Amino acid sequence: MADYRYDPKQIEPRWQKAWADERTWEVDNPAPGSAARADDRPKSYVLIMLPYPSGEPHIGHLKVYSVGDAVAHFHRRSGRRVVNPMGYDAFGLPAENHAISTGQHPRESTDAAIAAFRRQFRRWGMSIDWSREFGTHEPRYYRWTQWIFLKLYDRGLAYRKEAAVKWCPNDQTVLANEQVIDGRCERCGAEVEAKQLEQWFFRITDYADRLLDDLDTIQWPEHVKTMQRNWIGRSEGAEVVFRCEELGIDYPVFTTRPDTLFGATFFVMAPEHPDIERLARGTGHEEEVRHYVNHALTESTEERGAADKEKTGVFLGRHVVNPVNGERLPMYVADYVLMEYGTGAIMAVPAHDERDYAFATKFELPIRRVIQAPDGDDELPYTADGVLVNSAPEFDGMPNREAMQRIVDWLDREGKGHGSVNYRLRDWLLSRQRYWGCPIPVVHCERDGIVPVPESELPVVLPDIADYAPRGRSPLAAAEDWVNVRCPACGGPARRETDTMDTFVDSSWYFLRYCDPHNDNAAWDPAVVDYWMPVDQYIGGVEHAILHLMYARFFTKALSDLGYLNVQEPFAKLFTQGMITREGAKMSKSRGNVVSPQSIVERHGADTARAYILFIGPPDQDADWSDEGVEGVHRFLSRLWRLSAETADTTADGPVPHELTPAELALLRKAHWAIEKVTNDMSGRFAFNTAIAAIMELTNEVSRLRDEVGSGAMRFALATANSLLFPFAPHAAADGYERLTGRRVWEEPWPSADHRYLEHDTYQLVCQVNGKVRDRVEAPSGASRDQLEALALRAPNVQAHIDGKQVVKVVVVPDKLVNVVVR
RNA sequence: GCGGAUGUGGCGGAAUUGGUAGACGCGCACGGUUCAGGUCCGUGUGGGGGAAACCCCGUGGAGGUUCGAGUCCUCUCAUCCGCACCA
């Protein structure tokens, strides 16, 4: 035994070289027109979220790719034609910030990180089809990102409008929401301001209903679907028109509670509402209103949004008319009303809305109850269901749910409103005043306005610049030679768009490009994409539950509507893996609890690192890293490998004999049990932890029985263990399997259990008295209920517990237990 | 506040449809092998009682349904994660 030392440093490079030399994991696309005939195996597209390349891969990468690779291997050996591609989400802020501080071109630092990632993924032995690799920063890729932008622009799905952005006055740049910490710039600490800028948007709100409804068609974790539903935030209600007669202007409001319309006692508008100044003019409240609005607008969203903040506001000096009863309601401006949601104005019903109630109390406005609680509860505000009161004779006494519809119908007939739906979802702001991103392919012409760059001139290549620091506009604006162009429409002078795209645009279609990554004539060949899409299994972090996954779904639907795709949903199944923590906390440099995958791989090998990370617990849950646990898995791999190597060298190869000794039968049973267990754990859910535990049990059984079994059974059991282990620890498993069988495990079909070995002649019948286990007896399989009952009643310790008592009932569960109920 | 998740030995975690709680691994204890061990191989290991057979208790807490509950129902506590004045 001492001669057989498990040495991953020898084993792993050898197999990695074979896989690289032979391009083992590459798959061809179907030849044109022969998709189905080329290969009749079903396809499987296994996709792991592409990494943002920065520095070296961290432990989270090791986890997500270990999960993905196990799935890919399992699908392959279950007879599917698997594509498992890899690429890099290479545009982004960290590389740009690095450039600002060091002057190194973001392309250089990004390419260095990509090289490091690629090296690690190979070192981990991931079964990736490297022939499909790309980075989203390469012109051959972003050419088509630009093409998609133009298609969406043609369709009216990309448009420009003024929008409030977060602006750092010190750095002279727009900040992403994530860059604003407590209302201050994360880089310099300056207080962030709001600024109006012309920005590009994608009209994702057009797809709100489809994005919501189609969640029902995909197999995603329920909590991810819930997050998306909440993010879309669909509310049904009504739009109701309130008229300001003094100025002759109609103000529609959105309400989810048209049943409370008779309880409206005032009216509130958002500080950003464009009519505020006009409304207040000449009322004597002008000065006060202007002051309030200015203050509200400079307040940070955090300050303004604090939930328990006291209500503030100012009377506008005007009134609107409630369309249902003609009452004049005073108009206020208050920052608790948001311009971005609904119409930027609300009817306030203080009796039945907590915010309106708080405002009314503070400003001593009337509160009128119009819904009576069924239990007579007279506390206000009352937000639950009830019966209408103090409304109109035809509605009083009506349950409010019913009244909603009746009132909406009435409004509709009178032309004063209609049923309406509102969403929390906003259009996707994609402009970034940044350098390291995909250029937006349009020019601004003095004569023709916005003119798209013709497709034939794509890509609009990102130029090299000298100074990456933002100066109140995109750093690209300084590249004068690049910016100044001829207008493609009129030939006159024009300037290129200098904003770049949000990097979420790049990652919203990369899964399509993987299908056909070398196509120079089109973003993809529709037939090829038809063959591979949708992604059968998508795997990634739950942190992308909303943005990336929503955007990718939107792109898929829009491209499908444009006729370039035939799928509505990009990702048929989704798996989100949990975080790896250490000492119960997220790994971070400041905490000093970081474990680098490189150090683990260096010390124990890639197989140990991969198998441990899958063994640690259910992969969808957070798991705490333990150095001792790694040792345990390494011991297991050592033991299995040593047993395999020694058995291969010291025993004769041969078949499993027909006549089995009891030990051989026990071992074969364990092997077939393990096959069954691992197969179930991998196909239903991703229970890799219990799958690996089963292989450990099988290995333990081999150890226990090794001196009692012949070489046929021994070799079969060990080959089976290696075969089952392959998706989790591919190098060691391939090595052990080859030594035992001379064959390559990845070319072998996934083993299937022989059910004859899963059946037993007898089993341990559990004997309970009043639900407590009192004895166990050997029972023949398939025995009748009466036989089982008799067996149980005869069991010595059952006898002891029923002695002197009356047997009331006997519950028999065949193949399991008998429960004797006594009194 | 709303939504979601998670609570099981000293630790990570097991436990198809309600049916033997604690698989597997770590740690620990004891024993063996070894010149040595941060090696390898055994054995034991939820708590309490007992020489043993065996008994009692036990899945965050309190109730309930059931012959039987970690699992189902009601209430409750704790931790974590989203969203958050969304009309």
Side-chain angles (χ1 to χ4, degrees), chain A residues 1-2 5 221-227 229-231 233-235 237 253-257 260 268 304-309 311 334-338 340-349 352-356 358-359 422-426 542-543 545-546 578-579 581 584 612 615-618 620-633 635-636 638-639 642 677 680-681 684-685 687 689-697 699-700 703-704 764-776 796-797 800-801 808-813 815-822:
Chain A
M1 202 69 176
R5 199 172 71 87
E222 209 46 52
H223 69 277
V224 174
K225 290 190 188 184
T226 304
M227 275 195 246
R229 286 191 190 104
N230 292 344
W231 190 259
R234 184 179 200 272
S235 333
V253 302
F254 175 74
T255 177
T256 53
R257 294 295 304 273
T260 65
V268 193
R304 205 177 136 176
D308 47 2
K309 186 194 158 192
K311 294 282 175 286
D335 65 3
Y336 81 93
V337 174
L338 308 176
E340 315 88 81
Y341 187 78
T343 61
I346 61 153
M347 65 169 200
V349 184
H352 305 291
D353 180 282
E354 281 165 20
R355 296 150 301 173
D356 297 344
F359 191 89
N422 246 275
Y423 301 91
R424 211 190 75 99
L425 184 70
R426 309 285 148 74
V542 74
E543 65 273 20
I546 296 173
M579 213 175 30
T581 59
Y612 172 64
F615 179 67
I616 191 170
D620 55 334
Q621 283 172 29
D622 290 352
D624 205 61
W625 182 272
S626 136
D627 292 332
E628 293 81 14
V630 179
E631 302 279 352
V633 170
R635 274 201 284 273
F636 157 64
S638 302
R639 209 146 38 104
R642 277 199 318 266
K677 169 82 178 145
N680 285 340
D681 285 352
R685 48 220 178 106
N689 53 332
T690 51
I692 293 170
I695 305 167
M696 287 175 170
E697 284 193 56
T699 306
N700 292 344
S703 281
R704 206 170 294 133
Q764 291 276 307
L765 179 71
V766 170
C767 306
Q768 300 181 331
V769 176
N770 286 349
K772 288 193 164 138
V773 180
R774 295 304 182 187
D775 217 333
R776 295 179 174 85
N797 203 36
H801 280 87
V808 183
K809 182 176 174 184
V810 179
V811 180
V812 180
V813 183
D815 301 327
K816 280 250 161 61
L817 57 78
V818 173
N819 186 15
V820 182
V821 186
V822 296

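Values reported hereafter were calculated over all heavy atoms of this structure, with side chains retained and with hydrogens, waters and symmetry mates removed. Predicted model only: the values in this text are computed from it and were never measured. Convention: sequence-line order gives letters A, B, ...; per-chain numbering from 1.
- Atoms CZ (A:Arg776) and P (B:G19) sit 16 Å apart, rounded to a whole Å.
- With both ends at atom P, the span from B:C40 to B:A51 equals 38 Å, rounded to whole Å.
- In this structure A:Arg426 satisfies the side-chain hydrogen bond (donor to acceptor under 3.5 Å, both in side chains) test with no other residue, sequence neighbours excluded.
- Side-chain atoms of A:Lys311 lie closest to B:C85 of the nucleotides B:G19, B:U39, B:C85.
- Residues that satisfy the side-chain hydrogen bond (donor to acceptor under 3.5 Å, both in side chains) test with A:Trp231, not counting sequence neighbours, are absent from this structure.
- Within the 4.0 Å cut-off from OP1 or OP2 of B:C26, at least one side-chain nitrogen or oxygen of A:Arg635 is found.
- For the C1' atom pair drawn from B:C41 and B:G50, the interatomic distance equals 33 Å after rounding to whole Å.
- If you take OH of A:Tyr423 and C1' of B:A87, they are 17 Å apart, rounded to a whole angstrom.
- The closest side-chain heavy-atom distance from A:Thr260 to A:Asp353 is not below 4.5 Å.
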Summarise how protein sits on nucleotides 42-56 of chain B as a single string, 5' to 3': B when a protein heavy atom is under 4.0 Å from the base, S for sugar-phosphate-only contact, - for no contact.
------------SSS
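- Taking atom P on both nucleotides, B:G48 is separated from B:C11 by 15 Å, rounded to a whole Å.
- Among the protein residues, A:Val821 comes within range of the sugar-phosphate backbone only, with heavy atoms under 4.0 Å from sugar or phosphate atoms but none that close to a base.
- Judged by the 6.0 Å distance and 45° axis criteria, A:Lys311 is positioned over the aromatic ring of A:Tyr336.
- Across B:G4, B:G19, B:C83, the shortest atom-to-atom separation from the side chain of A:Trp231 is found for B:C83.
- Across all strands shown, the partner of B:G46 is B:C57, judged by Watson-Crick or G-U wobble contacts whose two distances both fall under 3.5 Å.
- When the C1' atom is compared between B:A69 and B:G37, the two are found 49 Å apart, to the nearest whole Å.
- In a base pair of the Watson-Crick type (N1 to N3 plus N6-O4 or O6-N4) or a G-U wobble (N1-O2 and O6-N3), with each distance short of 3.5 Å, B:G31 is matched with B:C41.
- Taking atom P in both B:U59 and B:A84, one finds a spacing of 39 Å when rounded to whole Å.
- The pair A:Glu222-A:Arg229 meets the salt-bridge criterion, with a side-chain N (NZ, NE, NH1 or NH2) lying under 4.0 Å from an Asp/Glu carboxylate O.
- With hydrogens and angles ignored, the 3.5 Å screen pairs a side-chain donor or acceptor of A:Asp622 with a backbone N or O of A:Met579.
- Taking the six-membered ring where tryptophan is involved, the planes of A:Phe254 and A:Tyr341 are perpendicular, since the angle between them exceeds 60° and thus also 30°.
- With both pairing distances under 3.5 Å, B:G1 is matched to B:C83 as a Watson-Crick or G-U wobble pair.
- Using C1' as the reference atom, B:U79 and B:C30 are 39 Å apart when rounded to the nearest Å.
- You'll find the side chain of A:Val820 stays beyond 4.5 Å of the side chain of A:Cys767, heavy atoms only.
- When distances are taken from the side chain of A:Arg424 to each of B:C86, B:C85, B:G19, the shortest belongs to B:C86.
- In this structure B:G9 sits in the syn conformation; its chi angle is within 90° of 0.
- As judged by a 4.0 angstrom heavy-atom cut-off over every strand, A:Thr226 is placed among residues touching the sugar-phosphate backbone only.
- For the P atoms, the distance linking B:C86 with B:G3 amounts to 14 Å, nearest Å.
- Checking B:C41, B:G3, B:C67 against the side-chain heavy atoms of A:Val811 singles out B:C67 as nearest.
- The nucleotide B:G12 finds its pairing partner in B:C24, both defining distances of the Watson-Crick or G-U wobble pair being shorter than 3.5 Å.
- Residue A:Gln768 is in base contact, counting any heavy-atom pair closer than 4.0 Å across all strands shown.
- Residues forming a side-chain hydrogen bond (donor to acceptor under 3.5 Å, both in side chains) with A:Asn680 (at least two apart in sequence, or on another chain): none.
- Side-chain atoms of A:Tyr341 lie closest to B:C86 of the nucleotides B:G4, B:C24, B:C86.
- Across all strands shown, A:Gly632 has heavy atoms under 4.0 Å from sugar-phosphate atoms exclusively, and none from any base.
- With sequence neighbours excluded, the residues satisfying side-chain hydrogen bond (donor to acceptor under 3.5 Å, both in side chains) with A:Asn700 are A:Arg639.
- B:G1 sits 44 Å from B:C56 when the P atoms are compared, rounded to a whole Å.
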When every nucleotide of nucleotides 7-18 of chain B is labelled 5' to 3' by its protein contacts under 4.0 Å (heavy atoms), B for base, S for sugar-phosphate only, - for none, what sequence of letters results?
-----BSSS---
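- Judged by distance alone, the side chain of A:Asn770 and the main-chain N or O of A:Val822 form a donor-acceptor pair under 3.5 Å.
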